[in-house]
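Start at 1 with the first residue, then count along the sequence. Numbering of ligands and ligand atoms starts at 1, following listing order.
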Amino acid sequence: MRTRITLLVTLILSMLALSACGGAAGPATGSTVKIAILAPLSGDVRTFGESTRDGALLAIEEWNENGGVNGVTIETVIEDSQCSAEAAVSAANKVIEQDGVKFIIGEVCSSASIPISEVVGAKGDVLQISPTSTNPSVTVNEDGTTKPMVFRACFIDPFQGAVAAAFARQNLNAQTAAVFLDQGNDYVRGLAEVFIAEFEADGGQVVVRETYTGDDQDFSAILAITRDANPDVLYLPDYYSTVNLIAAQAQERGIEAALLGGDGWDSPDLDTSVVEGGYFTNHFSPDDTRQVVQDFVQKYEAAYGSTPDALAALAYDAATVLLMSMEAAGTTTDAAAVADTMRTGTWSVVSADISFDEFHNPVKAAVVLKVEGGQIVYTDSVAP
Ligand code: PHE
């Protein structure tokens, strides 16, 4: 009985809604698709989220100006998922359950993207594309199978860590290395492990391997060990906020090792005065002379008055790959069909011509950047 009344009320309400807009509520023109952007917009790594949001919005606005996806206007739902597992899971559930979203761009941080991929896996009809999460487990289950609805627009850490180790050995001529890692952070731990394995496989020696936790502020104990060991390089594969703390304390203690890091250093808030002379691997350099990159840099600067970082570029790319896949699949509602199209196509975007391997990872080059005179300078590109 209650169901029948609810049905009746729904029917009346929808008739009222129809007549309110002149009865012209056809499915094609005037329809919209919601896309969620989940990124850390507060806390320690908020520049990651701001760049990600701005990059994705730039792509979406361009598509809307050109008529949307096959005439369907794109709406965005933006949530602060805080680079944390808990916040990311509630943001994902919120956009799926309350907003009816079928397409998620995000998260930035691997430790947040992995739990979102589990939510998406349980739903089955929602697609996730992370612009920047580099840990292998984002797209791959523990049993080695690929998560059918999860993709990323970046390379993965087994490649990034190998590029860093090879750079340390060959370009910096490093014989010895110290590595600091936060065991509780999937990205940091994963990248550190790859670096250690590759550096040693290439004949180098890892003389210090020390762990800390995400809450640590005082690194004096592990820095004292490092000073005694006097390594050629100190690898810090964490986000800029933690790198700023560790590097400042390393400088105070007179540690002379060359500092080396990963994409997590990429932020306007990286304290260049404490990592001066250091190097980090990354996805993108605004100094790349390719026309497609320069066009993007110009558009981004015109829109936001700042130079895009890798997060902005990859969010722009992730959004573009998603929208191109929807357009090619001819649907803005069937996420599984969009995933099938995404999986098999080649998508020409800013950072690369992206096509996915069997694990939904694009095969792309890395760049090595140097902190020099307070600036971030392009030094090298490394193809896979
Ligand atoms: N790769 C990082 C992660 O997986 C995120 C990141 C990418 C941060 C690019 C900065 C720049 O957690």
Give a yes or no on this: more than 12 heavy atoms of other residues, nucleotides or ligands lie within 6.0 Å of atom CD of Glu61.
-> yes
Within a reach of under 6.0 Å around CD of Glu200, are more than 12 heavy atoms found that belong to other residues, nucleotides or ligands?
-> yes
May I ask you to check whether Asp269 and Ser241 show a side-chain donor-acceptor distance below 3.5 Å?
-> no
Can the ring centres of Tyr239 and Phe48 be said to be less than 6.0 Å apart?
-> yes
Fit a plane to each ring of Tyr279 and Phe167, take the angle between them on a 0 to 90° scale, and name the class: parallel (under 30°), tilted (30 to 60°) or perpendicular (over 60°).
-> tilted
Which residue supplies the protein heavy atom nearest to atom 4 (O) of ligand 1, what is that atom called, and how far is it?
-> Ser110 OG, 2.5 Å
Just which atoms of ligand 1 are under 4.0 Å from any heavy atom in Ser133?
-> 4 (O)
Assess the pair Phe180 and Tyr235: is the distance between their ring centroids shorter than 6.0 Å?
-> no
Taking atom 12 (O) of ligand 1 as the reference point, the nearest protein heavy atom with its distance | Tyr239 OH, 2.5 Å
Please work out which of Thr134, Thr132, Asp263 has its closest non-hydrogen atom nearest to atom 10 (C) of ligand 1.
-> Asp263
So the atoms of ligand 1 within less than 4.0 Å of a heavy atom of Gly264 turn out to be 8 (C), 10 (C)
What part of Leu311, side chain from CB on, backbone N/CA/C/O, both or neither, has a heavy atom under 4.0 Å from ligand 1?
-> side chain
List every atom of ligand 1 that sits less than 4.0 Å from any heavy atom of Cys109, numbering the atoms from 1 in the order shown and giving each element.
-> 12 (O)
